Amino acid sequence: MIYGFKVQTEPLTDYEKNILLPAIVKGLQTKVGKENAVTNSEMIKGLKKFGYEKLSEPRIRKIINFIRIQGLIINLIASSKGYWIEQDIEERRKYVQGVKQRAESMLASLQSIEI
């Protein structure tokens, strides 16, 4: 859990892990290529159509994080266009570089306020 973001970052509930996670994995596996990207809000709308409940953008992000960490979907990347599976290695390299740059920016900010 991350301080200041308790609700958003608490561990997955049984419902999220056993019900939502499999549905999200199944749906994301069809999103190969940037042209097939799906946004967080589109996922929520789609899941609601099928009767899924207890959905929020922060919890979808938590589930996506779990998917990545557990290796349930390889090469799952994201941008403002949404989430998709990227097969092009050069595009994955660019994505990794962007993640590193964001992490470095956060660390620089942390160092400026650290006690």
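Everything numeric in this text was worked out from a predicted model, so none of it was measured. The basis for the numbers below is simple: all heavy atoms, side chains too, and nothing from hydrogens, waters or symmetry mates.
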Neighbour count >12 (heavy atoms, 6.0 Å) for atom CD, Glu53: no

In short, side-chain hydrogen bond (donor to acceptor under 3.5 Å, both in side chains) pairs touching residues 103-115 with sequence neighbours left out are none

In this structure, CD1 of Ile63 is separated from CG of Asn40 (nearest 0.5 Å) by 9.5 Å

In short, side-chain hydrogen bond (donor to acceptor under 3.5 Å, both in side chains) pairs touching residues 73-86 with sequence neighbours left out are Asn75-Arg92, Trp84-Glu86

Applying side chain to side chain contact (heavy atoms under 4.5 Å, CB included) to Ile73 and not counting sequence neighbours gives Val25, Leu28, Gln29, Ile67, Leu76, Ile85

Count the heavy atoms belonging to other residues, nucleotides or ligands that lie under 6.0 Å from CG of Asn18, then report whether that count exceeds 12. yes

Quiz item: When clusters are formed by joining ILVMFWY residues with side-chain heavy atoms under 4.5 Å apart, either directly or through shared neighbours, do Ile64 and Ile77 land in the same one?
Solution: no

Donor-acceptor pair, distance only, cut-off 3.5 Å: does the side chain of Asn65 make one with the backbone of Arg61? no

Do any side-chain atoms of residues 94-101 form donor-acceptor pairs under 3.5 angstrom with protein atoms, and if so which ones, sequence neighbours left out?
unit_1	atom_1	unit_2	atom_2	d
Lys94	NZ	Glu91	OE2	3.4
Tyr95	OH	Arg68	NH2	3.2

| Path from Leu20 to Ile69 over hydrophobic side-chain contacts below 4.5 Å | no

Side-chain contact, heavy-atom cut-off 4.5 Å: Thr30 with Asn36? no

Rounded to the nearest 0.5 angstrom, the CD-CG distance for Gln70 and Leu21 is 9.0 Å

Those residues at least two apart in sequence (or on a different chain) that pass side chain to side chain contact (heavy atoms under 4.5 Å, CB included) with Lys54 are Tyr15

Side-chain donor/acceptor pairs under 3.5 Å, residues 42-49, sequence neighbours excluded:
unit_1	atom_1	unit_2	atom_2	d
Glu42	OE1	Thr39	N	2.8
Glu42	OE1	Thr39	OG1	3.3

